[in-house]
Number of protein chains: 2
Amino acid sequence: MIGMKIGELARSTRTAVETIRYYEKIGLMPQVARTEGNYRSYGSNEAERLGFIRRARDLGFGIDQVRALLSLADERDRDCGEVDFIAKSNLLEVERKIAALQNLQQELSAVVRQCRAGKVADCRILKALGRPADWAD
Amino acid sequence: MIGMKIGELARSTRTAVETIRYYEKIGLMPQVARTEGNYRSYGSNEAERLGFIRRARDLGFGIDQVRALLSLADERDRDCGEVDFIAKSNLLEVERKIAALQNLQQELSAVVRQCRAGKVADCRILKALGRPADWAD
DNA sequence: ATGAACCCTGTAGCAACTACAGGGTCAAGT
DNA sequence: ACTTGACCCTGTAGTTGCTACAGGGTTCAT
């Protein structure tokens, strides 16, 4: 589809209109030609590019990583090691976050288990928060 | 220890000095008395309060949740159901995040596994990003 | 011609800090 | 007395990745 307005592009990529304008502002999407009424006019190149961006973002790549992937994708003769590196860093980061959250979940559910429906004055949750974590009970 | 300067309080609670000033600005920590030289002077009450805040934050409670816990902790006669509710909401939220990240990890490691060290032009990672997720290979 | 649905720019807000800039204070050493 | 260095102060701007206006203009159908 050629000559899409921003709203159509937004619908076809499940992206908010304002996000597209934001991507343009930060240089992730190009500045495209305008119609007579000063509306942005997008073609299939831009739709593909935005699709790439969306999928990368959904997989947890940061904006700067997406930027790097997009620019690497243009240097077709280059070795793809750097692409691999970015993807693996991202995976490691996701795994690190999972581990951190699982620790959190352990500690937090230990705290929640303490609850014996009573008065605030005796609340074990508040007591658990009110002293260093390694104090025994 | 009484009459601590902000730096001592920071060290003793493993908090950045600027974070303490920030907590004061948003009303999570009180405005304390100043020395002659206009330095903040903290006592053990404030140290305890900041310790509580730090532990709650480390357990993933948001600033507003911490604010609520602190104010509930003062109403000693109140039933502690609300405390329990806040803690359980937080736990659910943490569990939700873990699940989302685990999905991400699955998809991302599927993408990373595709890599056959070659040229960017044939890069499977980039190909995986360059098309809708449900296209087969 | 008027209303709804769309588009435009520009700025401010979110969470929870962090990082300056541009100063003042205090204790120790020379 | 003076200087050095470590600390403190306020206030503002930056971070990430958008989202939400405010205050307009355009397009198209009725």
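Side chains included, hydrogens not; waters and symmetry mates left out as well; all remaining heavy atoms used. Numbers restart at 1 for each chain; the letters A, B, ... are given by sequence-line order, proteins then strands. Worth saying up front: this structure is predicted, and the values here are computed from it rather than measured.
Counting only residues at least two apart or in different chains, side-chain hydrogen bond (donor to acceptor under 3.5 Å, both in side chains) contacts with residues 9-21 of chain A comprise A/Thr13-A/Thr15, A/Thr15-A/Arg54.
Separating the CD atom of B/Glu18 from the C1' atom of C/dC17 is a distance of 9 Å, rounded to the nearest angstrom. Atom pair A/Leu9:CG and C/dC8:P shows a separation of 11 Å (rounding to whole Å applied). Atom pair A/Leu59:CG and D/dG17:P shows a separation of 15 Å (rounding to whole Å applied). Rounded to an integer number of Å, the gap from CD1 of B/Ile20 to C1' of C/dA19 is 17 Å. As a whole-Å value, the separation of B/Asp64 CG from C/dC14 P is 11 Å. The CD1 atom of A/Ile26 sits 12 Å away from the P atom of D/dT15 (whole-angstrom rounding). Between the CZ atom of A/Arg67 and the C1' atom of D/dC18 there is a distance of 14 Å, rounded to whole Å.
Mapping A/Gly37 and B/Glu24 onto DNA chain D via the closest heavy atom, the residue that lands nearer the 5' end is B/Glu24. Nucleotides of DNA chain D nearest to A/Ile63 and B/Tyr39 differ in position, and the one nearer the 5' end is that of B/Tyr39. Summary of the strand contacts: B/Tyr22 and A/Ile6 both lie near DNA chain C, and taking for each the nucleotide with the nearest heavy atom, the more 5' one is attributed to A/Ile6.
As judged by a 4.0 angstrom heavy-atom cut-off over every strand, A/Arg21 is placed among the base-contacting residues.
The phosphate of D/dT19 (OP1 or OP2) has a side-chain N or O of A/Thr19 nearer than 4.0 angstrom. Within the structure, a side-chain polar atom (N or O) of B/Tyr23 is placed less than 4.0 Å from OP1 or OP2 of C/dC17.
The backbone N or O of A/Leu28 sits less than 3.5 Å from a side-chain atom of A/Arg49, completing a donor-acceptor pair.
A/Tyr23 and A/Tyr39 fall into different hydrophobic clusters, where Ile, Leu, Val, Met, Phe, Trp and Tyr side chains are chained together by heavy-atom contacts under 4.5 Å. One hydrophobic cluster holds both B/Leu72 and B/Phe61 under the rule that ILVMFWY side chains link at heavy-atom gaps under 4.5 Å. Under a hydrophobic clustering in which Ile, Leu, Val, Met, Phe, Trp and Tyr are joined whenever their side-chain heavy atoms come within less than 4.5 Å, directly or via other members, A/Val32 and A/Ile26 fall into the same cluster.
Among the nucleotides D/dC8, D/dT12, C/dC7, the one closest to any side-chain atom of B/Lys25 is D/dT12. Between C/dG24, C/dC7, C/dT18, one nucleotide has an atom nearer to the side chain of A/Lys5 than all others, and that is C/dC7. If you check D/dC7, C/dC17, D/dA20 against the side chain of B/Arg11, the one that comes closest is D/dC7.
When B/Gln105, B/Gln106, B/Gln102, B/Glu107 are each tested for a side chain to side chain contact (heavy atoms under 4.5 Å, CB included) with A/Val94, only one passes: B/Gln105.
In summary, B/Asp64 and B/Arg67 engage in a salt bridge, as defined by a charged side-chain N under 4.0 Å from a carboxylate O.
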For a salt bridge (charged side-chain N to carboxylate O under 4.0 Å, His left out) check, start with the C-alpha distance between B/Glu93 and B/Arg96, then their side-chain angles and the critical distance, and finish with the verdict. CA-CA 5 Å; B/Glu93 182 61 16; B/Arg96 214 190 46 70; 3.0 Å; yes
Does the pair B/Leu104 and A/Ile98 meet the rule for a side chain to side chain contact (heavy atoms under 4.5 Å, CB included), with working shown? CA-CA 10 Å; B/Leu104 204 60; A/Ile98 291 173; over 6 Å; no
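Less than 4.0 Å separates DNA chain C from no heavy atom of any residue of residues 28-36 of chain B. For residues 40-51 of chain A, proximity to DNA chain C is found at A/Arg40, defined as any non-hydrogen atom under 4.0 angstrom from a strand atom.
For the atom pair B/Asp84 CG and A/Ile125 CD1, the distance stands at 4.5 Å (nearest 0.5 Å).
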